[in-house]
Amino acid sequence: MNYTAPRGTKDVLPPASQAWQKVEMKFRELCKRFSYGEIRTPTFEQTELFARGVGDATDVVQKEMYNFEDKGGRAMTLRPEGTAGVVRAYLEHGLSSLPSPQKFFYIISAFRYEKMQKGRYREFEQMGCECFGSGEPSADAEIISLLWIFFSELGMADISLQLNSIGCPNCRPAYLDQLRGYLRPHLDELCEDCQKRFETNPMRILDCKQESCQAVTKEAPSPLDTLCPDCQAHWDELLRLLDYYEIPYRINKRIVRGLDYYTRTVFEFISENVGSQGTICGGGRYDGLVDELGGQPTPAVGFALGVERLLLELEAQDLLPQLDHQPDIFIASFPSYQDQASAFAYRLRAAGIHAESDILGRSFKAQMKHANRTQARYLMVFGEEEAARMIGKVKRMSDGEELEMSFDELVQFLLQQV
Ligand code: ATP
Ligand code: MG
């Protein structure tokens, strides 16, 4: 039997996996600059957590979750996103009683049963941040600024920050009435999903990707026109801060996010290159979620960024991080010095150097061929002379220049080159 990876999943092989590592490392390092601490939560949780936390009326819960019953008969789900689990942990560990704000980041696999497309998988990676305890627009601005720095430091162009406010439980009902009033005469022009959403989640119709639905909603009312005074003040202040930081943005009434718990600010970072899967990152405020999951009402703001889409975008812009798989040095040896050569490689590695030596019992000639293939920066041949005097000739492969030095000097020399 030939096994293949399940549909919608993929293998990431070396050295390409380095691009993943580098993006993740940059994200970790940036989160540290903003005092976000890493949180690791389980890959599966009770189904009920997602039904409540993501929202029964969402596509994620209705169609996309990997649900299973465990051997104890409990309803479980592979996490389709990161926020619900983080909020569950925040409450379970009493973190809400610690001084605010509490800031967390995560890097996780998420699972959604979706139609496989470019940039859309069934297992995918999300990097995200959640900030609990501040309802201030400065918290929204801070989290947006983290992303802005992230994309800037990756060198990304053609990515636009698009923003909207979807109000709060005070002003949203009036908006939804207005929106339904606008949509009602066009119901039969909407796709089947949106016809259902009309009752359960009408705001989602605004971000439906079907052309026919987009045509209907082109002139639809914007939630920005019916914000209550508090939401309006929050929105104005956020825009003022972004202007003040000189972070460019576009206001887009179609940004509503698919998940129910968002309040006020919603945003996406959208690329002009990845097509319909152009949303690389989505986020916003979810002041209602902690309360919904059993805690005290707690303002919160966060985002999740899709790593596959980010890498597609980096590739499209020719910005994939440089791979550095070449060894600093290859230690080749004549057969009778193989042990000394491999022991020397071991010492170099212990000293922090990327060193390679033969582990296949190859002939000297075959080792040299392999050394070339590895594109090692330096080459050393371990023979009688080296073993006797503990002094070696190191050849720089780029220009063939040879340098003679003691082994201790070699360690220092290579460390300086790294
Ligand atoms: P979309 O509208 O594209 O389905 P979404 O609203 O479902 O996105 P979120 O739940 O906000 O997405 O997830 C945040 C990010 O995770 C997205 O912006 C995207 O980059 C990424 N993402 C979501 N679903 C997938 C998937 N199936 N495969 C790969 N990346 C995904
Ligand atoms: Mg989706």
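Nothing here was measured: the structure is a model prediction, and the numbers come from that model. Every number for a ligand or one of its atoms is a count from 1 in the order of the listing.
- Using a non-hydrogen distance threshold of 4.0 Å, Glu114 registers as a contact of ligand 1.
- Heavy-atom proximity to atom 24 (N) of ligand 1, evaluated over Phe124, Tyr121, Phe269, Tyr113, is greatest for Phe124.
- Contacts between Leu310 and ligand 1 below 4.0 angstrom, taking non-hydrogen atoms only, are absent altogether.
- For Leu305, no nitrogen or oxygen atom sits less than 3.5 Å from a nitrogen or oxygen atom of ligand 1, counting backbone and side chain alike.
- Neither the backbone nor the side chain of Ala110 comes within 4.0 Å of ligand 1, counting heavy atoms alone.
- Numbered from 1 in the order shown, with element, the atoms of ligand 1 that lie under 4.0 Å from a heavy atom of Gly119 read 28 (N), 29 (C), 30 (N).
- Considering backbone and side-chain atoms together, Glu308 places no N or O closer than 3.5 Å to any N or O of ligand 1.
- The part of Lys209 lying near ligand 1 is the side chain, judged by heavy-atom distances below 4.0 Å.
- Residue-level proximity to ligand 1 for Gln126 is carried by the side chain, the only part with a heavy atom below 4.0 angstrom.
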Dump the intermediate steps for salt bridge (charged side-chain N to carboxylate O under 4.0 Å, His left out) on Arg240 and Glu237, then the final yes or no. CA-CA 5 Å; Arg240 189 190 68 77; Glu237 179 61 6; 3.0 Å; yes

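- The atoms of ligand 1 that sit less than 4.0 Å from any heavy atom of Ile280 are 18 (O), 20 (O).
- Outside the 6.0 Å centre-distance limit, the rings of Phe267 and Tyr249 are not counted as a close aromatic pair.
- Rounded to the nearest 0.5 angstrom, Phe104 CZ and Cys129 SG are separated by 11.5 Å.
- By the criterion of a heavy-atom distance under 4.0 Å, both the backbone and the side chain of Arg120 are placed next to ligand 1.
- The ligand atoms of ligand 1 that sit less than 4.0 angstrom from a heavy atom of Arg112 are 5 (P), 7 (O), 9 (P), 10 (O), 12 (O), 13 (O), 23 (C), 24 (N).
- Less than 4.0 angstrom separates some heavy atom of Ala304 from each of these atoms of ligand 1: 14 (C), 15 (C).
- At a threshold of 4.5 Å between non-hydrogen side-chain atoms, the residues Leu179 and Ile205 do not count as touching.
- Seen from the ring of Tyr121, Lys10 counts as a face-on cation partner, given the 6.0 Å and 45° thresholds.
- Summarising the geometry of Leu311 relative to Val23, their closest heavy-atom pair is CD2-CG2, 3.9 Å, with the distance given to 0.1 Å.
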Pair Arg349-Glu356, side-chain contact (heavy atoms from CB on, under 4.5 Å): steps then yes or no: CA-CA 9 Å; Arg349 288 161 175 164; Glu356 266 296 278; 3.3 Å; yes

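- For the pair Met156 and Leu319, the minimum side-chain heavy-atom distance is below 4.5 Å.
- Between Phe344 and Phe382, the ring planes are tilted. Angles from 30° to 60° get that label.
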